[in-house]
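Before any comments, here is the structure.
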Amino acid sequence: MIAIDAFDPELDLLLERVVPTPRRLVWKAWTEPERLMKWFCPRPWATVRCEIDLRPGGGFATVMRSPEGTEVAGAGCYLLVEPESRLVWTTALTAGFRPHAQPTSDTDFVFTAVLTFTEEAGGTRYRAHGMHATAKARQRHEDMGFHDGWSTALDQLVEAMADEA
């Protein structure tokens, strides 16, 4: 059996850092819509809508808005929810484990995210593992700015949760 977080460098992308935010707050930032909207996409973009049904089979949806007003919707399905430690979701499915529509553009692709939060001295080890079906999809995600975008969003998460720490 393959571990859910086994990394394949040909198909996967990884961001791993220790952040000075308590694990419980990292979890809340990912699982509470009002908190997620504060940090989820790199500025000057903004998350203007978020719905979360936090359970396996539960759906999530976000709408991000560009500075010019263009809105981009995203949706998926939670596969695994381990409170404060691991969150696994995919864009391949929607609520109720229903298959998602096929990609409609070169920048539209499906992936599965495995988010792992581990307590560390002074904060949380944050691991975001993006799993893709093909090397081409992995490359598209990387070319779209996975590392810079997810890293910037993580910095914004830390900033947004600083007052609550």
Worksheet item: What's the shortest heavy-atom distance between Ala95 and Cys77, and which atoms?
Response: N-CB, 4.4 Å
Worksheet item: About how many Å separate CD of Glu84 and CZ of Arg23, when rounded to the nearest 0.5 Å?
Response: 6.0 Å
Worksheet entry | Between Glu68 and Ser66, a side-chain donor and acceptor under 3.5 Å | yes
Worksheet entry | Check: Thr47 and Trp39 side chains under 4.5 Å, non-hydrogen atoms | no
Practice prompt. Using the six-membered ring wherever Trp is involved, compare the ring planes of Trp89 and Phe60 and label them parallel, tilted or perpendicular (cut-offs 30° and 60°).
Written response: perpendicular
Worksheet item: For Ala113 and Trp150, which heavy atoms make the closest approach, and how far apart are they?
Response: CB-CH2, 4.4 Å
Worksheet item: Heavy-atom count around Glu10 CD within 6.0 Å, excluding the residue itself: above 12?
Response: no
Worksheet item: Angle class for the Phe111/His141 ring planes (parallel below 30°, perpendicular above 60°, tilted otherwise)?
Response: tilted
Worksheet item: With a 4.5 Å heavy-atom cut-off, do Leu36 and Trp30 have their side chains touching?
Response: yes
Worksheet item: For Cys41 and Met64, which heavy atoms make the closest approach, and how far apart are they?
Response: CB-SD, 3.4 Å
Discussion item. Let me check something: do Trp45 and Met144 share a hydrophobic cluster, defined by ILVMFWY side-chain heavy atoms less than 4.5 Å apart, either directly or through other members?
Written reply: yes
Worksheet item: What do the steps show when you test Arg127 against Thr118 for side chain to side chain contact (heavy atoms under 4.5 Å, CB included), and what is the final call?
Response: CA-CA 9 Å; Arg127 186 175 196 264; Thr118 309; over 6 Å; no
Fill in: Residue among Leu115, Val114, Thr116 satisfying side-chain contact (heavy atoms from CB on, under 4.5 Å) with His129
Val114
Item to complete: Would you kindly confirm whether Phe7 and Met131 end up in one hydrophobic cluster when ILVMFWY residues are joined by side chain heavy atoms under 4.5 Å apart?
Response: no
Discussion item. For Arg125, is there an ion pair with Glu16 - N to carboxylate O distance below 4.0 angstrom?
Written reply: yes
Worksheet item: Run the side chain to side chain contact (heavy atoms under 4.5 Å, CB included) check on Val26 and Met161 step by step: do they pass?
Response: CA-CA 8 Å; Val26 172; Met161 301 308 285; over 6 Å; no
Worksheet item: Are the charged groups of Asp155 and Arg17 less than 4.0 angstrom apart, N to O?
Response: yes
Worksheet item: Is there a side-chain contact between Thr31 and Val81, using heavy atoms and a 4.5 Å cut-off?
Response: no
Response to the item:
On a heavy-atom basis, the closest approach of Gln156 and Pro42 is OE1-CA, 3.6 Å
Worksheet entry | Gap between atom NE2 of His132 and atom CG of Asp12 - 0.5 Å precision | 7.5 Å
Worksheet entry | Common cluster, Leu87/Val18, ILVMFWY with side-chain heavy-atom separation under 4.5 Å | no
Fill in: ILVMFWY cluster membership beyond Val48 - transitive side-chain contacts under 4.5 angstrom
Val63
Practice prompt. Establish whether Leu11 and Leu15 are linked, either directly or via other cluster members, by ILVMFWY side-chain heavy-atom contacts under 4.5 Å.
Written response: no
Fill in: Verify same cluster id: Met37, Leu154 (apolar side-chain graph, 4.5 Å)
no
Worksheet item: When rounded to the nearest 0.5 angstrom, what distance separates OG1 in Thr90 from OH in Tyr78?
Response: 12.5 Å
Practice prompt. Output, in order, the C-alpha distance, side-chain angles, deciding distance and verdict of side chain to side chain contact (heavy atoms under 4.5 Å, CB included) for Trp27 and Thr124.
Written response: CA-CA 10 Å; Trp27 179 260; Thr124 302; over 6 Å; no
Discussion item. Nearest 0.5 angstrom please: Thr21 OG1 to Glu164 CD, how far?
Written reply: 10.5 Å
Practice prompt. Give the minimum heavy-atom separation between Val110 and Thr91, together with the two atoms involved.
Written response: CA-OG1, 3.2 Å
Discussion item. With rounding to the nearest 0.5 angstrom, report the OG1 to CD1 distance, Thr62 to Ile52.
Written reply: 9.0 Å
Item to complete: Apply the test side chain to side chain contact (heavy atoms under 4.5 Å, CB included) to residues His147 and Glu142: give CA-CA distance (whole Å), side-chain angles for both, the deciding distance (0.1 Å), then the verdict.
Response: CA-CA 7 Å; His147 292 100; Glu142 186 169 31; 3.5 Å; yes
Worksheet item: Relative to each other, are the rings of Tyr126 and Phe117 parallel, tilted or perpendicular (30° and 60° limits)?
Response: tilted
Worksheet item: Is a side-chain donor or acceptor of Thr134 paired with a backbone partner of Ala137 at a separation under 3.5 angstrom?
Response: yes
